[in-house]
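Report on the following structure.
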Amino acid sequence: MDGAKGQSYLKNAAILTITGLLLRFAGMFFRIYIAGQIGPEGMGLYQLIFTLYTLSVSLATAGISVAATRLVAEELSAGRPGGALGVLRRVLGLACLLGCAAAALQCLLAGPAAKYWLGDVRAALPLRLLSPSLPFMAMAAALRGYFLARRRTWPNAFSQMFEQAARILAVMLIIRPAAAMGIEYACAAVVLGNTLSETLSCLWMFWFYRRDRRAAFPLQKRSLPKDAMGRLWAILLPVEGSRCLASALQAAENMLVPACLLPFLASREAALSQYGALKGMAMPVLFFPFSFLSALATLLMPEITEAHIQGRSGALERLIGRMVYLTGVGSILAAGLFTLYAPALGRLLYGSEEVGFYLRVLGPVTPFMYLESMVDGVLKGMGEQMATFRYSVWDSALRIAGVILLLPRFGMPGFLGVMVFSNCFTCALNCRRMLAAANMRGHWLRWAVQPALALLAALYLGHTAALRAAAGGEIAVLAAGALATSLAYAALLWPFGLGSQLRGLWPRSGRVRG
């Protein structure tokens, strides 16, 4: 990679990393704010609404961004900018068509779906209010694919930040009077902010696109390659089919959880509250540290894919080893902090002991959750999409069976058991496949055992620091404990590989070193 491309790579990586972190921070605290306004039951209803909405989003957008990126990149690399513009126009038209179809379907089925699938008629109004966002979301996905093909990340980053800001502002303006009218209208206010922000984000993307086209292709006329539609459908259909099936299975699971909790709790309100506390409140906290590992993925995933395509097995093994090691180091630290400070986090963020309980139970599982997500990206970069899809289907089938069999008898502890088994099982399958595809051995002593031992010592030092800060209140205890633990953990691991692995992320001559 030459110097100019290396600088572009670093610039794009920095933009994606900073944007991702900012969006995660904003999303996390926005969710805490919403939970404070609508409570656990409202969060449960909100999660159910988004279960169906996610399925509609898959129908509207699955494969659109991938198709736009690949087709535009192919035309540009062949020196046919007119063909790139023509292909993008077709992808935009198809995105609008799919989005409108998904919106009409969701709007028409909102009432029956709320009553018979979600088991709560209060979901109908929010589902209808979400419908108009789907065409805008689909067209924005196509435009984001265009900018990825052009290797311009800042329009995508700025549009996402603008979208999040618009959503937060809109919801904060209307949620309090809406919440006074009941949970149905509170959820309607939240989703109305989502629809407004998606619409504005799409319009912003069109504005970026028109500016970019005038600057890069001022006199270029659109032209459509003869095989464009065939290439488009060849990309779109497999992605659309697999994504929709996976979304349908996940939706089925999420709809079953409150329904299967009902026989155990004998209260719809209690079932929704427990579901909302877990899925809408605890899980976002558990995945919040993953923001920092997403930055790692931004740096390493393209290099792993390139090494695989070029057959550089030594570089591939080193890059995958670096990814697994750093994921293990970060996730094991997160697991320790969640396990030790879960009750205090639950009280501080949500004023809830229940959320703290969920964080403590699932905290030790975060290394499997994080590693599964990272390995899933590696497998897709190595062309192993069908393997990840197959494992996802198996996982969903097992989770659905566990929900049906265990929740009516054991309640939420049964579901927590299902989640623990599911994450460990899927992580093991994905890791096994990755090591086989890369033809490498796992070094789990260095990747997992060594960080775990360092964490035990670091937690002892962190706990000592937390006790000394007890006079400052719970926030002081959390801050002192987390900071002391993290610093001690890094200091213990630094001479045993952490320092060299982190230094290896910074490129020489524009390349992340393998």
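Source: prediction; values computed, not measured.
- Exactly one of L406, V365, L278 qualifies for a side-chain contact (heavy atoms from CB on, under 4.5 Å) with L416. That residue is L278.
- Sorted by first and then second residue, the salt bridge (Lys or Arg N to Asp or Glu O under 4.0 Å) pairs involving residues 403-416 (not counting sequence neighbours) form an empty list.
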Give every donor-acceptor pair under 3.5 Å between a side-chain atom in residues 432-449 and any protein atom, sequence neighbours left out.
residue	atom	partner	partner atom	Å
R433	NE	E384	OE1	3.0
R433	NH2	E384	OE1	2.9

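- Heavy-atom minimum distance, L98 versus I64: CD1-CD1, 4.1 Å.
- For F25 and F288, the ring centers are positioned less than 6.0 Å apart.
- The two residues L337 and S486 make their nearest non-hydrogen contact at CD1-OG, 4.2 Å.
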Below 3.5 Å, can you tabulate the donor-acceptor pairs from side chains in residues 417-429 to any protein atom, sequence neighbours excluded?
residue	atom	partner	partner atom	Å
S422	OG	D395	OD1	2.4
S422	OG	D395	OD2	3.3
S422	OG	R399	NH1	2.9
N423	ND2	M419	O	2.8
T426	OG1	D395	OD1	3.1
T426	OG1	S422	O	2.9

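- Annotation for R70: atom CZ does not count as buried by contact number, only 12 or fewer foreign heavy atoms lying within 6.0 Å.
- Using a distance-only test at 3.5 Å, with no hydrogens or angles considered, a donor-acceptor pair links the side chain of Y325 to the main chain of L498.
- Annotation: R90, atom CZ; neighbour count of heavy atoms from other residues, nucleotides and ligands within 6.0 Å does not exceed 12.
- Residues in residues 368-404 take part in these ring-ring contact (aromatic ring centres under 6.0 Å, His included) pairs, two or more places apart or across chains: F287-Y370, F290-Y370, Y391-W394.
- The ring-ring contact (aromatic ring centres under 6.0 Å, His included) check on W204 picks up F162, F208, with sequence neighbours excluded.
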Got a list of side-chain donor-acceptor pairs under 3.5 Å for residues 338-345, not counting sequence neighbours?
residue	atom	partner	partner atom	Å
T339	OG1	A335	O	2.7

